[in-house]
2 protein chains.
Amino acid sequence: MKEPIETFKALSDETRLRIMRLLVVSGKALCCCELTDSLEEPQYNISRHLKILKHAGLIDEQKEGRWVYSYAVPPANQFLKYLCEAVKSLDEEQLARDEQNLQARLQVRVNGKCTLGILKAHLIGVKEASNE
Amino acid sequence: MKEPIETFKALSDETRLRIMRLLVVSGKALCCCELTDSLEEPQYNISRHLKILKHAGLIDEQKEGRWVYSYAVPPANQFLKYLCEAVKSLDEEQLARDEQNLQARLQVRVNGKCTLGILKAHLIGVKEASNE
DNA sequence: TTCTTATATGCGCAACTATGCAACTATTAT
DNA sequence: ATAATAGTTGCATAGTTGCGCATATAAGAA
């Protein structure tokens, strides 16, 4: 009974749901800085939420030098398959924006790999007042 | 974005997930005391969790005299349909026990309606040490 | 070795959550 | 009207969660 609860909990946070959505719909393995730039959330939050998603068994990761690529684990049972479909079926503006940001961000990959780190400098350390 | 999050949150609690499961798989409208006897959780908790599920739009209710019958709302979109299927697909011992308790409890309905209140007296007010 | 950089994490805090208890409302029965 | 009963809710509390900040780790670059 713990497992499904933990899965629902993992998806109960907006940042985590946004991350899952990008991983699931893109089908790609994305590094922390790409997710940071796409969601426009502080890097340390992305990192923390990735850890929670991983602990819940929804994602896994693969290290490549300084970069850690996270990807959605292929659903191991019906329950996870349905949740995955549920995430895909969401139609929210925020998610569409994230996906656009990701598309743009993926353009700067070199040979299919991230080489740049976080481009939106204000997301690295401190959260600034947004003057946009 | 608030809505899917609230839905996931609603399903992130064990008691609520158990309630939803009973409502979804039985397809019936169940009153608070039937759920209390089935889940063997204090009545006031069942009541509170029903309120949360209702607020999340997953269930609705229908009053009949002193009884309040809650039922799973037919999923209004793909997202909810998938979640509903996910809940149905769960295979947990606890859920099986709940369903057995419910079947037994439904036997005592008269003309398809509950007439008895809570049968397991210790679930009414105070939570006692279980000597079973 | 030293610097840079991608990612991770300890700390403190404010907000939220589930719970037990007790008291309450609302509806039916006597 | 009074009692009984199905369900609700306010309060206090213990536990959890997400966040900002600062700093740490780890791996490549100079």
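Only a predicted model underlies this, so the values are computations on that prediction, with no experimental measurement involved. By convention in this document, chain letters (A, B, ...) are assigned in the order of the sequence lines, proteins followed by strands, and residues within each chain are numbered from 1.
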Whole-Å distance between D/dG7 C1' and B/I19 CD1?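 About 13 Å, once rounded to whole Å.
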With sequence neighbours excluded, what pairs up with B/R66 under the side-chain contact (heavy atoms from CB on, under 4.5 Å) test?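 Scan of B/R66 (side-chain contact (heavy atoms from CB on, under 4.5 Å), adjacent residues dropped) gives none.
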Nearest-angstrom distance from the residue atom CG of B/D37 to P of D/dA6: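 Rounding to the nearest Å, CG of B/D37 and P of D/dA6 are 10 Å apart.
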For atom CG of B/L53 and atom P of C/dT17, their distance in whole Å: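 About 14 Å, once rounded to whole Å.
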Contacts to DNA chain C from residues 2-18 of chain A, heavy-atom cutoff under 4.0 Å, which residues?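 The answer is none.
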Side chains of residues 18-33 of chain B: which donor-acceptor pairs under 3.5 Å do they make with residues two or more places apart or in other chains?
unit_1 : atom_1 : unit_2 : atom_2 : d
B/R18  : NE     : B/D98  : OD2    : 2.7
B/R18  : NH2    : B/L39  : O      : 2.9
B/R18  : NH2    : B/D98  : OD1    : 2.9
B/R21  : NE     : B/E99  : OE2    : 2.7
B/R21  : NH1    : B/V87  : O      : 2.9
B/R21  : NH1    : B/K88  : O      : 3.1
B/R21  : NH1    : B/L90  : O      : 2.7
B/R21  : NH2    : B/L90  : O      : 3.1
B/R21  : NH2    : B/E99  : OE2    : 3.2
B/S26  : OG     : B/L22  : O      : 2.8
B/S26  : OG     : B/K28  : N      : 3.0

Counting primed atoms plus P, OP1 and OP2 as sugar-phosphate and everything else as base, spell out the protein contacts along nucleotides 4-10 of chain C at 4.0 Å heavy-atom distance: B, S or - for each nucleotide, 5' to 3'. BBSBBBB
Say whether, by atom type as modelled, one donor and one acceptor occur between the side chain of B/Q78 and the main chain of A/S89 under 3.5 angstrom.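 No: the side chain of B/Q78 does not pair with the backbone of A/S89.
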Quick check against the 3.5 Å criterion: does A/N111 have a side-chain atom that pairs as donor or acceptor with the backbone of A/K113?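 No; zero donor-acceptor contacts below 3.5 Å.
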N/O donor to acceptor pairs below 3.5 angstrom from side-chain atoms of residues 46-54 of chain A, sequence neighbours left out:
unit_1 : atom_1 : unit_2 : atom_2 : d
A/H49  : ND1    : A/R16  : NH1    : 3.1
A/K54  : NZ     : A/E61  : OE2    : 3.4

Does OP1 or OP2 of D/dC19 have a side-chain N or O of A/H49 closer than 4.0 Å?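 So the side chain of A/H49 is within the cut-off, an N or O lying under 4.0 Å from OP1 or OP2 of D/dC19.
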Does this structure show an ion pair linking B/E34 with B/R109, if we count only N-O contacts that are shorter than 4.0 Å?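 Yes, charged N to carboxylate O under 4.0 Å.
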Would you check if the side chain of A/Y69 reaches a backbone N or O of A/C114 as a donor-acceptor pair within less than 3.5 Å?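 A pair under 3.5 Å: yes.
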All ring pair (Phe, Tyr, Trp, His ring centres under 6.0 Å) counterparts of B/F79, not counting sequence neighbours: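 So B/F79 forms a ring pair (Phe, Tyr, Trp, His ring centres under 6.0 Å) with B/F8.
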